[in-house]
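First listed ligand is number 1; within each ligand, the first listed atom is number 1. Reckoned from all heavy atoms, side chains included, excluding hydrogens, waters and symmetry mates.
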Amino acid sequence: MRRLAAWLVAGNLIVALSVVLATVLALRASREADEVRARETTENLASSLSIELGAELKQVDNALATIALQYRRVRGTEAELRRAMERAIADQRSLLPQVDVIRITDASGQVVYGLAAEEHQLNVADRDYFSLARNGAGMVVSEPLYGRLLAQWGIVVARRLEGENGQFAGVAYTVLSTDHFVDNFRHLAIGPEGAISLRSLSMRLIARYSAAEPQSNRGLGEIIVSEDFVRQFARDPTRGWYLTPTRIDNIERITAYRQVRGYPLIILTGTSTADFLTAWRSEAQQQSLLAAIVILTALACSYVVYRQQRRELRAREQVSRLAAEQSLMLDNELVGMARVRGELMTWKNRALDALFGYDSQALIQQPTRALYLDQASYDHVAQQAQDAFAQGRRYRQQLRMRRKDGSALWIDLSGAPVSAQESIWMMVDVSALKESEVNAQHLAVHDALTGLPNRVRFADRLTGALSLLDDRSSLLAVCYVDLDGFKDVNDQFGHDAGDLVLRVVAQRLQAGVRSHDLVARLGGDEFGVLLASLRSEAEAEPALHRLLNALREPIRLPDGGEAAVGASIGIAFAPRHGRQSDLLMRSADAAMYQAKRNGKHQFAMATTGAPVMTSSSDFPAATRPTEDPAADRADPPHAAGPAPAAPSPAPSVRPTPVPEHAFEESVAGEEDPGAGMDNDENRVPPSTLVRDDPSH
Ligand SMILES: Nc1nc2c(ncn2[C@@H]2O[C@H](COP(=O)(O)OP(=O)(O)OP(=O)(O)O)[C@@H](O)[C@H]2O)c(=O)[nH]1
């Protein structure tokens, strides 16, 4: 963009310079032509005026010469002489209307003929022209003079008069007034500021007409001239021209001068620069305007081009940035993306291949059905998405999809329509999230040490089982198991050994019940056992003995030692001891304490409002509250537990936790990720807890 700007600036500069140069050259040539024309016009005028003036002076000179000739020839009396000369003057005046007077002086300079009656005597002996005429034979032209009788400026043209013998007899002279010359100049076309001057050879001003100041008498008789004139005149006194402001009025003029041939007079004609350049100035204005328009147009065009280019460049940059960003987004490793037309995938990114395990081109133009676990889930998504798109909504769903190798993964799937036929889909692998959710759910209801369900879970399952308890056909036994002598294990072998013992106990309890029974760790060294689907209370007894015996078995510790614990078990039956889980738990707990009080290593059965039955008495095998509630109330505390057995050789105990699947199965796949996010927890119906297991 900078380069374009530089080019445009350079181009504009070249255009501007070219236009300005062309304009200046054209105007200069035009001005020079105008100047030449003006100079020629001015020179022609000066030339013709000098000729005219020369002719006029010649005429005057002839008149004076004629008078001088007559003066020399005339003879007679004084009166005859006067008459003859008066007549000669009158004759010549009639021929010279431009002259004001023709006078004749005697040798002393006294005017003797030509004075008007009212005019007084006049002596001109003091005038230069008189002296010059006396000394020379030719015509004399004076410097500008202010006439003593006429009271105006003018020049005197004089000629020597001689007597019979050629002696000086006086002068005949005439006056050409300044006004006479000015009147002649006034009619000439010299422009609004033109000027015409008549000067003596000594440069004194005789007459001047300025079109700008027609009545001005400024400078008459004086030498007020420009230096250019002086310089030019010194170089050539006969003719020349110069361009400079006239000193009298300071107006610049092109001035031409010519000496009136044969006479000491110079005629100057001046045309003002303003006048002769008027047309040029107007042309200059037009051409400058044109040049400015051309330059501005070029500038405007350049600016438009620049802006257009800049806009396009920015748009291109934005598009490429967007494309880069888009490509980065599309090429990410996490979000699989696909464009789908109809049922076929028309485009996908690398992340999608990685997610589903396909090669780069394998999915292109292939049905998207391949990514779904089965036809049902594909149809479901297709229908739901179609409905959402029809309502202008995006579609989003978390579901299990299928990798190329057939394995399933959890995908957060979202789609948006691009057109009626096309849609864009994004797929994020959320399997890890799902797994951690499952783990969190599992941890919330399981004991971390033994892996068994915890108290919360136990109570929950108990409640579930109670709600579906079939009064007539089955019983439910709630067993509260508390280890005997566990504290000693901790104290004797340490806490880690205690943990190991707890895990082994959990394992033995688990192994001691049927698959649909439930074993849970309630806390510390307390465990809960739910014996489901019992047909009678007595049916629980073998299981209880089995558990007591199993727990009494010594436990071999890693350091070679042997831990020995036992258990006291309290039992409450539903529905005999109640139908609420907390009541049953409390009853079983109380029975367990009774067993402890009875000497430990035995079980005791709860009884409503009566002392707890213990395993030291006969276990009421046929006692069922539904069948004989009165018997319940009559049951004395009954100790039925076997006498503590001598420790048998300790089985080899592996310190591994109880296998997960064991209880996961017993709680019927609640944590099975395969159950699906949108499914409710797949609980094992409580009926399975009361279903009889033939293996027991
Ligand atoms: N190692 C270990 N010990 C625990 C854990 N939870 C509780 N205990 C300990 O288990 C013992 C339980 O106390 P008691 O029930 O009084 O001990 P006992 O020796 O079985 O007493 P009786 O029930 O009267 O026979 C306490 O010492 C607890 O610190 C555990 O997770 N690991």
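- For atom 12 (C) of ligand 1, the nearest non-hydrogen atom of the protein is Asp525 OD2, 3.6 Å.
- If you number the atoms of ligand 1 from 1 as listed, the ones under 4.0 Å from a heavy atom of Gly524 come out as 6 (N), 7 (C).
- Against a heavy-atom cut-off of under 4.0 Å, Asp482 is close to the following atoms of ligand 1: 23 (O).
- Per-atom contact check: atom 25 (O) of ligand 1 touches the protein, criterion being a heavy-atom distance below 4.0 Å.
- The nearest non-hydrogen atom to atom 32 (N) of ligand 1, considering only Asp488, Asp496, Val565, Asp499, comes from Asp499.
- In terms of N/O distances under 3.5 Å, ligand 1 is not approached by Leu502.
- Under a cut-off of 6.0 angstrom, the local environment of CZ in Arg403 is crowded, with over 12 non-hydrogen atoms contributed by other residues, nucleotides or ligands.
- A salt bridge links Asp447 to Arg521: at least one charged side-chain nitrogen sits closer than 4.0 Å to a carboxylate oxygen.
- The pair Arg402-Asp374 fails the salt-bridge criterion, with no side-chain N (NZ, NE, NH1 or NH2) lying under 4.0 Å from an Asp/Glu carboxylate O.
- Between Leu475 and Ser536, the shortest heavy-atom contact is CD1-C, 3.2 Å.
- With values rounded to the nearest 0.5 angstrom, Gln492 atom CD is found 11.0 Å from Glu562 atom CD.
- At the shortest separation from atom 8 (N) of ligand 1 among protein heavy atoms lies Phe486 CE2, 3.7 Å.
- Heavy-atom contacts of Gly498 reach the following atoms of ligand 1: 1 (N) (cutoff under 4.0 Å).
- Proximity of Arg521 to ligand 1 is established by a heavy-atom distance of less than 4.0 Å.
- Residue pairs meeting the ring-ring contact (aromatic ring centres under 6.0 Å, His included) criterion with at least one member in residues 480-506, sequence neighbours excluded, do not occur.
- Closest protein heavy atom to atom 21 (O) of ligand 1: Gly485 N, 4.4 Å.
- Around the CD atom of Glu317, the shell of radius 6.0 Å holds more than 12 heavy atoms that belong to other residues, nucleotides or ligands.
- With hydrogens left out, the protein atom closest to atom 22 (P) of ligand 1 is Lys596 NZ, 3.5 Å, a heavy atom.
- For the atom pair CZ of Phe458 and CG of Leu518, the computed distance is 6.0 Å after rounding to the nearest 0.5 Å.
- Glu553 and Asn549 are not linked by any side-chain donor-acceptor pair at a separation below 3.5 angstrom, with hydrogens and angles left out of the test.
- The aromatic rings of Tyr378 and Tyr372 sit perpendicular to each other, their planes meeting at more than 60°, with 30° as the lower class boundary.
- Every N/O-N/O distance between Leu449 and ligand 1 stays at or above 3.5 Å.
- Using a 4.0 Å heavy-atom cutoff, Lys600 is listed among the residues neighbouring ligand 1.
- Asn490 ND2, 4.2 Å is the protein heavy atom nearest to atom 29 (O) of ligand 1.
- Distance check on atom 2 (C) of ligand 1: some protein heavy atom falls below the 4.0 Å cut-off.
- Scanning the protein for heavy atoms near atom 16 (O) of ligand 1, the closest one is Lys487 CD, 4.5 Å.
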